[in-house]
Number of protein chains: 2
Amino acid sequence: MKLADLAAMAGVSTATVSRALSGHPSVSKTTQERIRALAREHGVRPNQLARNLRMRSTGAIALAMPLGHARTQHLTDPFFLSLLGFLADLLVDRGYDILLSRVLPENDEWLDRLVDSGRVDGVLLVGQSDQYDTIERVAARYAPLVVWGVNRPEQKHLTIGSDNILGGRIAATHLLGLGRNRLLFLGDPAPPEFADRLAGFRDAAGTTAVEVLSCEMDPDAVHAAVGARLAQGDAPDAIFAASDVAAMSALRALTEAGLDVPGDVAVVGYDDVTLAAHTSPPLTTIRQDLVTGTRLMVETLLRRIAGEPATSAIVPPELILRASA
Amino acid sequence: MKLADLAAMAGVSTATVSRALSGHPSVSKTTQERIRALAREHGVRPNQLARNLRMRSTGAIALAMPLGHARTQHLTDPFFLSLLGFLADLLVDRGYDILLSRVLPENDEWLDRLVDSGRVDGVLLVGQSDQYDTIERVAARYAPLVVWGVNRPEQKHLTIGSDNILGGRIAATHLLGLGRNRLLFLGDPAPPEFADRLAGFRDAAGTTAVEVLSCEMDPDAVHAAVGARLAQGDAPDAIFAASDVAAMSALRALTEAGLDVPGDVAVVGYDDVTLAAHTSPPLTTIRQDLVTGTRLMVETLLRRIAGEPATSAIVPPELILRASA
DNA sequence: ATCGGCACTGCAATCGATTGCAAAGAAGTT
DNA sequence: AACTTCTTTGCAATCGATTGCAGTGCCGAT
């Protein structure tokens, strides 16, 4: 049922119907009530496409994760999914719809298509993956674009992210404070976030050597890698995992190897996903403050949409002490 | 850059540009190539809104979770999030965009608005929550609507779901087969899925009594409830949790109480979320086959969009044997 | 020379809502 | 009575693409 139909029924023009439904003051109270009642009765729901086309605004935000390297990581990673959940909450609260695009970048046009499609008022990207250059290029001409990820000097696109270097430092400091000195970093050091975590970890470890156990980030691969490493003997006494999911796989491999956590090996994770509090033993981890982070992302984006200036921001990570370290 | 601009540059009409870009055969090869080249050069990306309005099709599917009772459950529940992930994958593969709507049903119009907005070609709902009647009403007039959830007799809307009654039966049979006879069901028996799981569990338990420990589904509440129950003494020797997340909280409470799993208490979860394989001990659970389930949802929806007939389906659950039971 | 047929291309309507401008009618003023 | 002012409504343009139908020009056939 469209406005024109209602107009015919009410014996007025579509213009009047449009104005009546939007509460435009230049339509008499009488007519307005009459049309409103008729609209309710017949279940009139205006076509949003037409409206958006005319209004040049859509009330929708694109939410996309470029999946450059790790195709699988994002689906299983509760961290990304809860980031998505928080963002969805905030956007819905502000009356925005969400156009979800899981992007497998096949060429460097994907982001152009998204921003030029006219279907969204702004774009939120989760992770830079290996698309840093594309993002930079598009951000130069398209303002309402905010990215969750790392911030490099000279960078043009707006990012919100947590301070991964500091996070790594905190982890190392805590483990050294426990008297551990055979440190192991567990994870794939390629993605920029993880690279920073490792850098901070090494930095704060100072003269203490840091072994790097590099592996794919999916749970099975991590579990296998840790198992294989433990089989070599000469186990580390502390593991800093690049993510909580990796830490949980490590926990299992350690248990299977008959090692006690934290007695024999202390384990520190990263993210503080919901389940981290519910492993056994509960996971000590570096929390990324998603509540603040996602709020900042949305506020920054809305500011950009409104044409106001906005800047990148970094939210500090925080050590969450539980039983595993 | 819109088609009209390009048309002006190329010295042709927008009609010709439109036809050239869409590869319409009645545009000469020469002109077509010339326009294509010009389009590439100037980065022309047609406005999708206008296109969709004219074509009366959008290339987008709405994905919504009505959150009737448990506001918080869905965000933290990895099962729902991974369902969403699978669906997103499948839809993206088929060239659809996804309009994500986290719905907090305030009135019974939310679904009408969604289907009548003109912004999507079809709607996928995850869970019926307490919106069964609304869904029934809208499904009666709107075909491309598929729901993940339970299927009741006389039901008009299409559902894909797993057989929760059978799942409950399998759990009970397995636990009885282990010689356990002090059975406890853990979770909120109100939502239809959980009610079915409990019903099947009771059914297969036969004369063996089933204790029900009813609690909210968020991890802290479950953990507290199990802790309190164990403090009473007279512990059960088998727990069937309504979800894996609940089972993991139970695992932790059991460990804290000094009980061995599965020695003292066997634990069976439900869903088989990714992390279920990585708890300690790894969780025996009833798998909901999301790969099949989500594929069916998407296929069924596409069939409905194409105007073909389609029916509801139930995917059988499966016992995944790990160490916890 | 005329005409039929073919290959292109453009005009203009269309999708469904919004909105500036003008006009009609009512009310008030002198 | 004539004129202004205000309220209320409708006409028609607009957003940007798609597409049926008509028109142009060129070819060979008669």
Side-chain angles (χ1 to χ4, degrees), chain A residues 1-39 42-60 95 97 112-121, chain B residues 1-39 42-60 95 97 112-121:
Chain A
M1 178 66 131
K2 55 184 187 175
L3 292 206
D5 300 341
L6 225 207
M9 300 182 54
V12 296
S13 69
T14 58
T16 302
V17 173
S18 170
R19 283 189 272 247
L21 293 181
S22 68
H24 196 285
S26 81
V27 161
S28 74
K29 284 227 163 50
T30 338
T31 329
Q32 200 151 130
E33 266 320 307
R34 193 164 55 89
I35 294 179
R36 283 256 173 75
L38 222 50
H42 292 85
V44 171
R45 271 162 298 261
N47 183 304
Q48 294 300 313
L49 278 188
R51 171 168 218 280
N52 294 340
L53 177 59
R54 179 62 227 253
M55 307 281 277
R56 313 178 124 278
S57 101
T58 65
D97 284 311
D112 296 276
R113 254 200 287 278
L114 197 56
V115 304
D116 291 328
S117 71
R119 279 186 298 191
V120 293
D121 296 339
Chain B
M1 180 66 132
K2 54 185 188 174
L3 292 205
D5 300 341
L6 225 208
M9 299 182 55
V12 296
S13 69
T14 58
T16 301
V17 173
S18 170
R19 282 190 272 248
L21 293 181
S22 69
H24 196 286
S26 80
V27 165
S28 72
K29 284 230 164 47
T30 339
T31 326
Q32 201 150 134
E33 264 321 307
R34 191 164 56 87
I35 294 180
R36 284 258 174 74
L38 222 49
H42 291 85
V44 171
R45 272 163 298 262
N47 184 305
Q48 294 299 313
L49 278 190
R51 172 167 217 282
N52 294 340
L53 177 61
R54 179 63 226 249
M55 308 281 278
R56 311 175 128 280
S57 102
T58 65
D97 284 312
D112 297 277
R113 254 200 286 278
L114 197 57
V115 304
D116 291 328
S117 71
R119 281 186 297 192
V120 293
D121 296 339

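All values below were derived from every heavy atom in this structure, side-chain atoms included, with hydrogens, water molecules and symmetry-related copies excluded. Residue numbers begin at 1 in each chain, while the letters A, B, ... track the order of the sequences.
- The side chain of Ser28(B) places an N or O atom within less than 4.0 Å of a non-bridging phosphate oxygen (OP1 or OP2) of dT9(C).
- Residue contacts for Val12(A): at a heavy-atom cut-off of 4.0 Å it reaches the sugar-phosphate backbone alone, with no base atom in range.
- Contact check, Ser13(B) against dC11(C): no side-chain N or O comes under 4.0 Å of OP1 or OP2.
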Are Asp97(A) and Arg119(B) close enough, and set up right, to give a side-chain contact (heavy atoms from CB on, under 4.5 Å), and what steps lead you there? CA-CA 11 Å; Asp97(A) 284 311; Arg119(B) 281 186 297 192; 2.9 Å; yes
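- In this structure, Thr14(A) contributes its side chain and Ala7(A) its backbone to no donor-acceptor pair below 3.5 Å.
- Remark: the backbone N or O of Ala20(A) is paired with a side-chain donor or acceptor of Arg36(A) at under 3.5 angstrom.
- Among Leu3(A), Thr30(A), Val17(A), the single residue meeting the side chain to side chain contact (heavy atoms under 4.5 Å, CB included) criterion with Ile35(A) is Val17(A).
- The CZ atom of Arg113(A) sits 9.5 Å away from atom CD of Gln48(B), with the distance rounded to the nearest 0.5 Å.
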N/O-N/O pairs, protein side and nucleotides 16-18 of chain D side, under 3.5 Å:
residue: dG16(D); atom: OP1; partner: Arg56(A); partner atom: NH2; Å: 2.2
residue: dG16(D); atom: OP2; partner: Lys2(B); partner atom: NZ; Å: 3.1
residue: dG16(D); atom: N2; partner: Ala50(B); partner atom: O; Å: 3.3
residue: dA17(D); atom: OP1; partner: Asn47(B); partner atom: N; Å: 3.0
residue: dA17(D); atom: OP2; partner: Leu3(B); partner atom: N; Å: 2.8
residue: dT18(D); atom: OP1; partner: Arg51(B); partner atom: NE; Å: 2.9
residue: dT18(D); atom: OP2; partner: Ser18(B); partner atom: OG; Å: 2.6
residue: dT18(D); atom: O2; partner: Arg54(B); partner atom: NH1; Å: 2.3

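- Side-chain contact check for Ser26(A) and His24(A): at least one donor-acceptor pair (N or O, by modelled atom type) lies under 3.5 Å.
- Distance NE2 (His24(A)) to C1' (dT7(D)): 13 Å, rounded to an integer number of Å.
- Among the protein residues, Ser26(A) comes within range of the nucleic acid bases, having at least one heavy atom under 4.0 Å from a base atom.
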